Amino acid sequence: MKICCIGAGYVGGPTMAMIALKAPGIEVRVVDMNATRIEAWNSSVLPIYEPGLDDVVRQTRGKNLHFSTDVHGAIRTADIIFVAVNTPTKTYGVGAGRAADLRFIESVARTIAEHANGPKIIVEKSTIPVRTAETIKDILAANARGHQFEVLSNPEFLAEGTAIADLHAPDRVLIGGERTPGGQAALQKLVEVYAHWVPRDRIITTNLWSSELSKLVANAFLAQRISSINSVSALCEATGADVDEVANAIGRDSRIGPKFLKASVGFGGSCFQKDILNLVYLCEHFGLPEVAAYWEGVVKMNDWQKHRFAAKIVRTLFNTVADKKIAVLGFAFKKDTNDTRESAAIAICRDLLAEQARVVVYDPKVPAEEIRAEVLGRGPDEPRLSIAGSAYEAAQGAHALAIATEWDDFKQLDYARVFAGMQQPAHVFDGRNILDLPRLRDLGFRAYGIGK
Ligand code: NAD
Ligand code: UGA
């Protein structure tokens, strides 16, 4: 069997590497129009940082796993074509700021129709609005030239930073297909691919629309838990309750469960916000404004939490941070990834710069130019923003530290040394609740957490 995947990003690269590893008899080709990215996949420094990924790629690349820019050739030879291209929020026209921009999906569908030379199974791996398969089928059918196409939905549930572990032992694999003989045969073929390593009872099969919708709903539920605990964090700060203690107390109820109850400076990442806004747009489209408003609240709470954190820094530093140096530790949207998309750190830096602070950022994995690009966008250069080569360098002469990402390194810093180099009184704002605040207070810090 031959598989190809169009889109060599955070999803396409790791998922295909795992299939290649677990199913050595399957030939896997990952293609992308971005030549630089493909070059990196073929080099010793992969384009994404993900624990364990290097090892999987080293074992498979050049054997049954290949990266190239030859999209057309890969389409011709593949039996199954995964589509893992980006589906960002639309920034223009109808639905701007909410709807998913499906132009990459549509363009791939047209390319497949044009270059297919036989029957193909197309697998939606990207996260897309419910009923997108209909659009893909429509485009394929109108350009089929006698070839038969089956479209399946197989959303990805991996989280960045734990992608390899998630792919190795997924909670479930979800595959949606049409209830036609052709659709069911295609679905079984994809089940066989995953059955190389995923127990059958973890492979869920549904109709197309349930599968497409389940992906959006899964992300909405996960993000909703974070916004719920973050809303409670504000109440904790007002009342003297401790949000970690509340999370532990409620999470011990097996109906609630302990996961995704970590209060934070706000969720980031390329998907939660995008997918909820997409869900909101769908609800509005289908005439369900109350449902739309309910889910939109999750994003609004997240925005509020990010600004609330920056506002607390300003308020605590005697209501002004103008010309004060603030060290922002961590820029990735979570630990163990170099991905900065929608990271809460972006909003924190922008808010502090708007207050005329001097912001110095340190992240162990994110390059300086990327930090500058994320914070400043297309705007002019900002001399108040600088990037440090270590946490100690960032903290030197700073009035405050703000922990934005929960990197393990930040727990192990020599805080006595950090304190000695800072302006007094030295403040620390732990946006991830990873530090031992009482110990920091013993060292002389004025220390604050989220919901504490
Ligand atoms: P990404 O931006 O990292 O990668 C997408 C890749 O597709 C890019 O390299 C781009 O060059 C390529 N591409 C776009 N159009 C193309 C075309 N016509 N031909 C060839 N290549 C093309 O995106 P990602 O983070 O991998 O996400 C992909 C999809 O998976 C999105 O829909 C996302 O919502 C979903 N998803 C992402 C994650 C995650 O953790 N990042 C997890 C689950 C689902
Ligand atoms: C999330 C989902 O967990 C994946 O299942 C899904 O496949 C993926 O989105 C996607 O569709 O892209 P990801 O965004 O990579 O994965 O990472 P998460 O671990 O979910 O973290 C998202 C954000 O929430 C991070 O900023 C994280 O710090 C924050 N978070 C997470 C909290 O603030 N508190 C928590 O308790 C958990």
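Indexing begins at 1, ligand by ligand and atom by atom, following the structure's order. Just so you know, these numbers come straight off a predicted model, no measurement behind them.
Ionic pairing of D242 and K452 is present here: one or more N-O contacts between side-chain nitrogen and carboxylate oxygen are shorter than 4.0 angstrom. Under 4.0 Å is where a charged nitrogen must lie from a carboxylate oxygen, and between E124 and K215 no such pair does. Under a 4.0 Å N-O distance rule, the pair K189/E192 does not qualify as a salt bridge. Salt bridge status for E374 with R350: absent, with no side-chain N to carboxylate O gap under 4.0 Å. K335 and D408 are joined by a salt bridge, as a carboxylate oxygen and a charged side-chain nitrogen come within less than 4.0 angstrom of each other.
When only modelled atom types and interatomic distance are considered, Y49 and E160 share no side-chain donor-acceptor pair under 3.5 Å. Between E27 and H66, the side chains place a donor N or O and an acceptor N or O closer than 3.5 Å (distance only, hydrogens not considered).
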Which protein N or O atoms sit under 3.5 Å from any N or O of ligand 1? Give each pair with its distance.
{"residue": "ligand 1", "atom": "3 (O)", "partner": "Y10", "partner atom": "N", "Å": "3.3"}
{"residue": "ligand 1", "atom": "3 (O)", "partner": "R37", "partner atom": "NH1", "Å": "3.2"}
{"residue": "ligand 1", "atom": "3 (O)", "partner": "R37", "partner atom": "NH2", "Å": "3.2"}
{"residue": "ligand 1", "atom": "4 (O)", "partner": "R37", "partner atom": "NH1", "Å": "3.3"}
{"residue": "ligand 1", "atom": "9 (O)", "partner": "D32", "partner atom": "OD1", "Å": "3.4"}
{"residue": "ligand 1", "atom": "9 (O)", "partner": "D32", "partner atom": "OD2", "Å": "2.6"}
{"residue": "ligand 1", "atom": "9 (O)", "partner": "R37", "partner atom": "NH1", "Å": "2.8"}
{"residue": "ligand 1", "atom": "11 (O)", "partner": "D32", "partner atom": "OD1", "Å": "2.6"}
{"residue": "ligand 1", "atom": "21 (N)", "partner": "M33", "partner atom": "N", "Å": "3.4"}
{"residue": "ligand 1", "atom": "25 (O)", "partner": "R341", "partner atom": "NH2", "Å": "3.0"}
{"residue": "ligand 1", "atom": "26 (O)", "partner": "Y10", "partner atom": "N", "Å": "3.0"}
{"residue": "ligand 1", "atom": "26 (O)", "partner": "V11", "partner atom": "N", "Å": "2.9"}
{"residue": "ligand 1", "atom": "32 (O)", "partner": "T87", "partner atom": "OG1", "Å": "2.6"}
{"residue": "ligand 1", "atom": "32 (O)", "partner": "T127", "partner atom": "N", "Å": "2.9"}
{"residue": "ligand 1", "atom": "34 (O)", "partner": "T127", "partner atom": "OG1", "Å": "3.4"}
{"residue": "ligand 1", "atom": "34 (O)", "partner": "K274", "partner atom": "NZ", "Å": "2.6"}
{"residue": "ligand 1", "atom": "40 (O)", "partner": "E160", "partner atom": "OE2", "Å": "3.1"}
{"residue": "ligand 1", "atom": "41 (N)", "partner": "E160", "partner atom": "OE2", "Å": "2.8"}

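Among the candidates N34, D32, I38, the single residue satisfying the side-chain contact (heavy atoms from CB on, under 4.5 Å) test with T69 is I38.
Aromatic rings from W295 and F221 are positioned such that their centres are separated by under 6.0 Å.
Closer than 4.0 angstrom to ligand 2 by heavy atom are E156, F157, L158, A159, E160, K215, N219, L222, I226, F260, L261, K262, S264, F267, G268, C271, F272, F333, K334, R432, sorted by chain and number.
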